[in-house]
Amino acid sequence: MLGPFLDEAKKGGILIVSPIKSAYEQTVGREVPDSTVYRMLARHGWRKLAPDKRHPKTDPLAQEAFKKNSPRPSVPKKS
C-alpha cells in the first residue's frame, strides 16, 4: 500500500500524510487516527523532517497591524 507514496518521496517529492491516511482507511475499511499512519511510516524509517512554515491559526492581518502599531525599539546613542 505504501509503495506508490514511498516511490514518489524517494524521487524527491514530499510525503504528505493525508492521502496516505485516506488510502489506508480504504484498505482497512474504517477510519483510523493520524497516529496510526505516523507509526506505520516510522516503522518504515520515515519521519517528519521539516516543521510547518506557520501556525494554522495565524492571522496575517493581525500581524501586519501589530507591526504598524507596535512601538519602535529604542536604540542607544553612540558616544
Side-chain angles (χ1 to χ4, degrees):
M1 188 212 75
L2 283 176
F5 298 105
L6 297 179
D7 290 341
E8 183 65 30
K10 286 180 183 177
K11 292 180 198 172
I14 296 174
L15 192 64
I16 302 172
V17 172
S18 56
I20 296 172
K21 182 180 179 206
S22 297
Y24 186 77
E25 288 174 342
Q26 283 184 334
T27 301
V28 298
R30 61 183 173 89
E31 289 187 17
V32 295
D34 292 341
S35 61
T36 301
V37 178
Y38 283 108
R39 285 192 332 251
M40 177 178 57
L41 291 172
R43 281 193 301 270
H44 289 275
W46 290 88
R47 57 190 174 90
K48 184 175 181 180
L49 296 176
D52 291 336
K53 300 209 183 294
R54 59 186 166 85
H55 192 275
K57 293 182 180 177
T58 300
D59 183 0
L61 296 175
Q63 287 178 340
E64 286 303 315
F66 178 79
K67 288 179 190 176
K68 291 179 183 176
N69 299 324
S70 63
R72 299 267 182 224
S74 61
V75 179
K77 293 182 180 181
K78 294 184 181 180
S79 310

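Computation of the quantities below employed the complete heavy-atom set of this structure, encompassing side-chain atoms and omitting hydrogens, waters and symmetry-equivalent molecules. Keep in mind it's a predicted model, so treat the numbers as computed, not measured.
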Requested in this report: Answer yes or no: is there a donor N or O on one side and an acceptor on the other, between the side chain of Ser70 and the main chain of Phe66, under 3.5 Å?
Outcome: yes
**Report entry** Thr58 OG1 to Gln63 CD distance, which is reported to the nearest 0.5 Å
**Finding:** 5.5 Å
Query raised in the report: If you draw a 6.0 Å radius around CZ in Phe5, do more than 12 non-hydrogen atoms from other residues or ligands fall strictly inside?
Result: yes
Query - Lys67: partners by salt bridge (Lys or Arg N to Asp or Glu O under 4.0 Å), with sequence neighbours left out - result: Glu64
Query raised in the report: Which pairs pass salt bridge (charged side-chain N to carboxylate O under 4.0 Å, His left out) with one or both residues in residues 30-39, sequence neighbours excluded?
Result: Lys21-Asp34
Query - Closest heavy-atom pair and its distance - Glu25, Val32 - result: OE2-N, 3.1 Å
Query raised in the report: Which distance, rounded to the nearest 0.5 Å, do you find between the CG of Leu41 and the CD1 of Ile20?
Result: 5.0 Å
Report task. Determine, step by step, whether Gln26 and Met1 satisfy the side chain to side chain contact (heavy atoms under 4.5 Å, CB included) criterion, reporting the C-alpha distance in whole Å, the side-chain angles of both residues, the deciding distance to 0.1 Å, and the verdict. Result -> CA-CA 10 Å; Gln26 283 184 334; Met1 188 212 75; over 6 Å; no
